[in-house]
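Note on naming: letters A, B, ... go to the chains in the order of the sequence lines (proteins, then strands), and numbering restarts at 1 for each one.
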Number of protein chains: 2
Amino acid sequence: METLRSPHYATPPKAAGFPKGWRLPFVRIFPASQEKHPPPVDYVGPPLADLAGERVFCSEFKYRKGIEIFGEGGHADEYVYQITSGAVRTYKMLPDGRHQINAFHLQGDMFGFENGVAHRFSADALVETHVRIIKRGSILDAMQNRVVSTKNLICFVTQNLQHAEDHMLLLGRKTSLERVAAFLLEMDERLAHPAMMLLPMNRRDIADYLGITLETVSRAFSILRDEALLRFDGNIQRRIELLDRHALAEFDA
Amino acid sequence: METLRSPHYATPPKAAGFPKGWRLPFVRIFPASQEKHPPPVDYVGPPLADLAGERVFCSEFKYRKGIEIFGEGGHADEYVYQITSGAVRTYKMLPDGRHQINAFHLQGDMFGFENGVAHRFSADALVETHVRIIKRGSILDAMQNRVVSTKNLICFVTQNLQHAEDHMLLLGRKTSLERVAAFLLEMDERLAHPAMMLLPMNRRDIADYLGITLETVSRAFSILRDEALLRFDGNIQRRIELLDRHALAEFDA
DNA sequence: CGAAGATTTGATCTGTATCAAGTGCAGTGG
DNA sequence: CCACTGCACTTGATACAGATCAAATCTTCG
């Protein structure tokens, strides 16, 4: 824990982060900083630092599957996160338990950029996830006098906004089959068109992302399988091979 | 048209802007600059200029009801817009005509901030609308060396993002009655809780904003009227008085 | 006044949710 | 190693919220 008390930041993000009740993940170990592999290390250099166009101090953390990284309404720590490996969901929740996942964040993605003092949404790890963390203030400090950096930063926020705009169209106006096709194409693109993709999220998370139920997601997958647009790798339903991306795009509106 | 050729920018935004086919608005006059009241004027000063913390050059335009300000996919002019009076919808469209309105922009709101060369969505005037226009580049130029301005600008984009996140929850997980209640409360707040509010948009626009049909919007209004949560001003169905904001908030999730 | 749009309301249809059951994989402990 | 247990996923039957189709009334404006 000593390295956590480095001069670069005082406490690990969400040091008291315990699994939340969402789906009662049976998780056992926290905080991640107690993990042995890899140990939290102070980190100096790109690519997160590229954002500011300067070398700024970062630190690395590990979150186990199902662990909350931060919670909606909680105090927004002064951190921005970049995923080294793994996957994260960010989501909002209604009082009665209905969920809406805003976005999935994969390797290389950044998230957690907020203005206010309270988090606008929750974030937790879908699988074991390593994140690099940078103090938000140090980005703005580092980019002082640098117009290029400002543009980079605005560009980052704008990318999130653009994704949200596309997703509003999906949530407001697409059919369930169109949603699932769009989801597959999005993941395919973000995973760089692998021959076989391993989805880090379960059917319920996909459903909460697409604004439908997990049964409807499952039925859509079955239809696309029967239409020979995709196939599962054996019995592992999260390993999917897209057989006809062009035809899949036709299913999307 | 002479004043349009001022040194501050070369061409009016969307100089060739004609009504689009959405609902075949029968509109007759364009460009707005040909209107007599008010004439386009070069404008120096706040509040748009406040964004950059400097005085920058602005110009004012007028758009008539139903007129497109810019179109999705079109060349993104180097402008940011602020509404002086009136109301604007920004929306995306699917090839088959399905719509999703991202946001309504009212007096004082800014919109049109984009990164790329192509507009990510369309914008058009719901009613006769006056906008102040600033060249995007001049904002970044003006804010050179000014961290405070950078924060302002990021804050603006983040506000849009926050609205989009809230709206994704609505579109993905709320019932039609919850959506309409949320819409009424949003408008009420943004219009500063007037005793009687005059909605600038019709039922179809509300529906396309909320991801439901216009009939469902109408039915929800009727339910809320029968429950004595709101009343219409005589026969003008767009003039609405909220009778019980607290109860309305209960209808929202 | 006449025509077109805006809104409401009713009847019916349907896509998706909900309820329910069964299979199979993964992790655990004996 | 295998059986046990819990979760993930699929599939089927049924219910229902909201879409669609339809029509009447009202509003607006030339």
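Using a 30° and 60° split on the angle between ring planes, B/Tyr209 and B/Phe104 fall in the tilted class, from 30° to 60°.
Within the cation-pi definition used here (under 6.0 Å to the ring centroid, within 45° of the axis), B/Arg179 does not qualify as a partner of B/Phe251. Remark: A/Arg89 fails to qualify as a cation-pi partner of A/Phe111 under the 6.0 Å distance and 45° angle criteria applied to the six-membered ring.
At most 12 heavy atoms of other shown residues, nucleotides or ligands fall within 6.0 angstrom of atom NE2 in B/His246.
Between the side chains of B/Ser222 and B/Arg225, at least one donor N or O sits under 3.5 Å from an acceptor N or O. Between the side chains of A/Glu186 and A/His163, a donor-acceptor pair is found at a separation under 3.5 Å.
In this structure, CZ of A/Arg204 is placed 12 Å from P of D/dC7, rounded to the nearest angstrom. One atom, CG of A/Leu126, and another, P of D/dA8, lie 12 Å apart when rounded to the nearest Å. Computed from coordinates, the B/Ile206 CD1 to C/dT8 C1' distance equals 14 Å when rounded to whole Å. In this structure, A/Asp233 atom CG and D/dC9 atom P are separated by 15 Å, rounded to whole Å. Put simply, CG on B/Leu210 is 19 Å from P on D/dA17, counting in whole angstrom units. In this structure, B/Phe232 places its CZ atom 19 Å from P of D/dT25, rounding to the nearest Å. For A/Arg239 and D/dA8, the CZ to C1' distance is 17 Å, given to the nearest whole Å. Distance, B/Arg203 CZ to D/dG18 C1': 18 Å, rounded to whole Å.
Checked against the 6.0 Å centroid criterion, the rings of A/Phe121 and A/Tyr91 do not qualify as a close aromatic pair. Checked against the 6.0 Å centroid criterion, the rings of A/Phe70 and A/Tyr79 do not qualify as a close aromatic pair.
Here A/Ser222 lies in heavy-atom contact (under 4.0 Å) with sugar-phosphate atoms only.
Taking the C1' atoms of five terminal pairs at each end of the helix from C/dC1-D/dG30 to C/dG30-D/dC1, the two resulting helix axes are inclined by 40°, rounded to 10°.
Using modelled atom types, one side-chain atom of A/Asp109 and one backbone atom of A/Leu106 make a donor-acceptor pair closer than 3.5 Å.
Judged by closest nucleotide on DNA chain D, A/Arg238 is the one of A/Arg238 and B/Gly234 placed further toward the 5' end.
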Annotated protein contacts, base or backbone, on nucleotides 11-26 of chain C with a non-hydrogen cut-off under 4.0 Å, one of B, S, - each
B----SSBB-----S-
